[in-house]
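Have a look at the structure below before the remarks.
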Amino acid sequence: PLILAEFDRDFVWGIGTAPVHVEDNLDGGWLAFARDGHVKAWEDQPVPEERLRFWTAPETEIDLAVELGLQVFRLGVDWGRLVPYHPAQHGGGGHVQDKGALKRYVQIVRQVRRRGLRVMLTLFHHSLPVWVGEAGGWTNEAVVREFGSFVRDVAAGLGESVDYWLTMNEPMAFALFTYIEGTWPQAFPQSNYLEVVLKALQGDERSVKAAVDNLAGAHNLAYSHIHQVHTLRGWRAPQVGMAARAQILEGKDPWDGPAVMLSREFMDFTITDKIQDRLDFLGLNYYGKEIISGQTIAQPTDVGYSEAGRAIDTEGLYSVLQMFHERYVNKPGATWKRFMVTENGVADATDVLRPAFITEHLAAIAAAVSKGIDVFGYIHWTISDNWEWADGYCPKFGLYSVDRTSPSLTRTARPSATVYADISKSYAVSREQREAAWKVVTAHRGQLRPFCRSEDGKEGLDEPRYNRWFSDNADWRFHEERLAAPHHTPGGIFLQREAAPESRAAAAAPSLPALALGAA
């Protein structure tokens, strides 16, 4: 057959962004973190603090999404922009303080809708208000209620224009990088990862345990607030989900098994188990596989990698969809049956990998759908190259490159933009597209390409180093016949206790005004 993968006409195609990555005029923890020298490939970049000027000129990115023929534009609201001050300094309560900023978000969302795009809105995308971080971040139960107040105000201001809500983006990743590894803003002192996770499994690590419970409780409270606001206003029923981190973990050697097992326990189902009765759909962010070797990430030569150091594993996307489907769909207590791939993309400045990355991962999704897994949409990450968390501007995830030396931050379409546009408009991946994309990959084997991770995989780099692509036998195309058992163990028993229901969390949490400013 000429078609590799075909999708129903109600399948939705989209593109994803986040405030820290794209918004200019955005102060907060990440900007201070970067200015203090903790973000790679940032200080030497032209106008790094301006990101993509999405706050002052959102039409540039919106127009590109329209040109691609997409249906969904994923963006976020920044909690710290809307609630910049400790409630004790602003009359108490965590409600939206900057009404002008909320009005600006309303204007941006309306721009998106006027261009014929649906809106997916993320409420917490790895960026805490500075005063929340100073109060202990998500380890402080009082933050749950403050987050709920913020969400309720945003829902009242924007709700009628939002098609899909994401309460949080990868909360377990935030807990990992902030409260264990200590590599993100306002982090706890760096700890031994396996030691902390093992203690948490045994119930002896209170801060991580508290963060996980509070993140779950905050989602549950936000879910209820959004539904309540929609009901009271007489709006259509909202679609409220959460974007979970989904990845494949493997050990390089047999003795890496315990590290892999503990990591799976921590990352796979910990949050989702606690919120399964407060979801209308589940988003899954999938980028690939990490191969663990001791305390580092291994990079075997027979595997294909992004320039950010993550191994490409297209069958892994099928496997994570399968394992989440098997765990939750038709499970008593779970309130949802549908999935959306809310992030999928690859760091690839050369655009050699990206066309094939797109075609092969869409083949994996189509295979999952054919097996009865309800996946109703795909969000590619991202439109234009931008600030990538602690790795700064080195990894290039965009369908469009950005000339940061030009006054207008000129965008230039990469070939993958045309590939994605053609697929989204036809609702299909042809075998001709697949073959052409893979031919580009094989033509570059043995050549040098930029790489934005250190050799041990632990750190980003200010300047990319150059590696050979990979060996001739590295074939990461999706092959359904290679699918075996899902790449996982049962998982999900980490911190196995009920999350505080949203009502109890809000009632029991002490108000932040009662806490000392800057409390640890």
Side-chain angles (χ1 to χ4, degrees), residues 14-35 39 41-68 70 72-85 96-130 150 153-154 157-158 161-162 169 185 381-389 392-393 396-413 417:
I15 203 79
T17 66
V20 168
H21 290 335
V22 300
E23 289 184 11
D24 50 327
N25 297 340
L26 180 60
D27 205 349
W30 276 101
L31 187 59
F33 193 64
R35 286 173 170 166
V39 173
W42 194 88
E43 290 181 346
D44 60 342
Q45 298 294 310
V47 293
E49 70 284 350
E50 294 190 16
R51 287 90 159 185
L52 292 177
R53 299 178 186 153
F54 188 74
W55 187 250
T56 53
E59 60 276 2
T60 303
E61 295 292 279
I62 296 169
D63 288 348
L64 294 178
V66 172
E67 288 178 14
L68 292 169
L70 307 177
V72 177
F73 193 102
R74 180 183 170 190
L75 68 155
V77 291
D78 189 81
W79 185 6
R81 186 191 285 279
L82 293 175
V83 191
Y85 306 112
V96 167
Q97 298 161 354
D98 192 334
K99 306 296 185 184
L102 182 58
K103 183 177 180 180
R104 179 58 179 158
Y105 277 124
V106 170
Q107 293 170 346
I108 293 171
V109 165
R110 286 176 178 170
Q111 282 192 51
V112 173
R113 293 189 66 84
R114 278 198 300 269
R115 299 306 307 279
L117 294 162
R118 302 177 202 175
V119 173
M120 172 174 280
L121 194 74
T122 311
L123 293 164
F124 173 65
H125 202 140
H126 299 331
S127 178
L128 287 174
V130 171
F150 152 72
D153 286 355
V154 172
L158 292 170
S161 299
V162 175
N169 185 80
W381 193 271
T382 181
I383 307 177
S384 303
D385 293 340
N386 55 48
W387 176 352
E388 179 61 24
W389 307 122
Y393 288 95
K396 310 299 186 189
F397 278 90
L399 295 168
Y400 295 79
S401 64
V402 179
D403 181 0
R404 301 204 64 81
T405 65
S406 70
S408 59
L409 299 179
T410 302
R411 274 70 154 182
T412 301

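Computed from a prediction, not measured in an experiment: that's the story for all the values here.
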(message) Quick check: closest heavy atoms across L117 and V72, and the distance to 0.1 Å?
(response) CD2-N, 4.2 Å
(message) Is the terminal nitrogen or CZ of R81 (NZ for Lys, CZ for Arg) located under 6.0 angstrom from the six-membered ring centre of W55 and within 45° of that ring's axis?
(response) yes
(message) Which heavy atom of G29 sits nearest to which heavy atom of V130, and what is that distance?
(response) N-CG2, 3.6 Å
(request) Would you confirm whether N169, through its side chain, and F124, through its main-chain N or O, come within 3.5 Å as a donor-acceptor pair? (result) no
(request) Could you check Y400 against T412 for side chain to side chain contact (heavy atoms under 4.5 Å, CB included), going step by step and ending with a plain yes or no? (result) CA-CA 5 Å; Y400 295 79; T412 301; over 6 Å; no
(message) Given 3.5 Å as the limit, does a donor-acceptor pair link the side chain of D153 with the main chain of V96, or not?
(response) yes
(request) Kindly compute the distance separating CD1 (I15) from CD1 (I62), expressed to the nearest 0.5 Å. (result) 13.0 Å
(message) Would you compute the distance between atom CD of E59 and atom CZ of R115 and round it to the nearest 0.5 angstrom?
(response) 10.0 Å
(request) Give a yes or no answer on whether the side chain of R118 reaches the backbone of F73 with a donor-acceptor pair at less than 3.5 Å. (result) no
(request) Please find out if less than 6.0 Å separates the ring center of W79 from that of H126. (result) no
(message) Given H21, which partner from the list W381, W30, F54 fulfils the ring-ring contact (aromatic ring centres under 6.0 Å, His included) test?
(response) W381
(request) Determine yes or no for a side-chain-to-main-chain donor-acceptor pair under 3.5 angstrom, with T122 supplying the side chain and H125 the backbone. (result) no
(message) Taking D78's backbone N and O only, do any of them form a donor-acceptor pair with Y105's side chain (distance below 3.5 Å, no angle check)?
(response) yes
(message) Can you tell me how far apart CH2 (W387) and CG (L26) are? Round to the nearest 0.5 Å.
(response) 8.0 Å
(request) Report yes or no: does Q97 contribute a side-chain atom to a donor-acceptor pair with the main-chain N or O of Y85 at less than 3.5 Å? (result) yes
(request) Taking R51 for its side chain and V20 for its backbone only, find out whether a donor-acceptor pair lies under 3.5 Å. (result) yes
(message) Would R411 and E61 count as a salt bridge (charged side-chain N to carboxylate O under 4.0 Å, His left out) here? Give the steps.
(response) CA-CA 9 Å; R411 274 70 154 182; E61 295 292 279; 3.0 Å; yes
(message) Distance check, rounded to the nearest 0.5 Å: L68 atom CG versus D63 atom CG?
(response) 11.0 Å
(request) Identify the two heavy atoms, one from L64 and one from S384, that lie closest to each other, and give their separation to 0.1 Å. (result) CD1-OG, 3.8 Å
(message) Can you give me the closest heavy-atom contact between P48 and Y393, atom names plus distance?
(response) O-OH, 2.5 Å
List the atom pairs, with distances to 0.1 Å, where a side-chain N or O of residues 107-114 and a protein N or O form a donor-acceptor pair under 3.5 Å, not counting sequence neighbours.
residue: Q107; atom: OE1; partner: R104; partner atom: NH1; Å: 3.2
residue: R113; atom: NH1; partner: S161; partner atom: O; Å: 3.1
residue: R113; atom: NH1; partner: D163; partner atom: OD2; Å: 2.8

(message) Just verifying a value: how many Å separate D403 CG and L409 CG, rounded to the nearest 0.5 Å?
(response) 8.0 Å
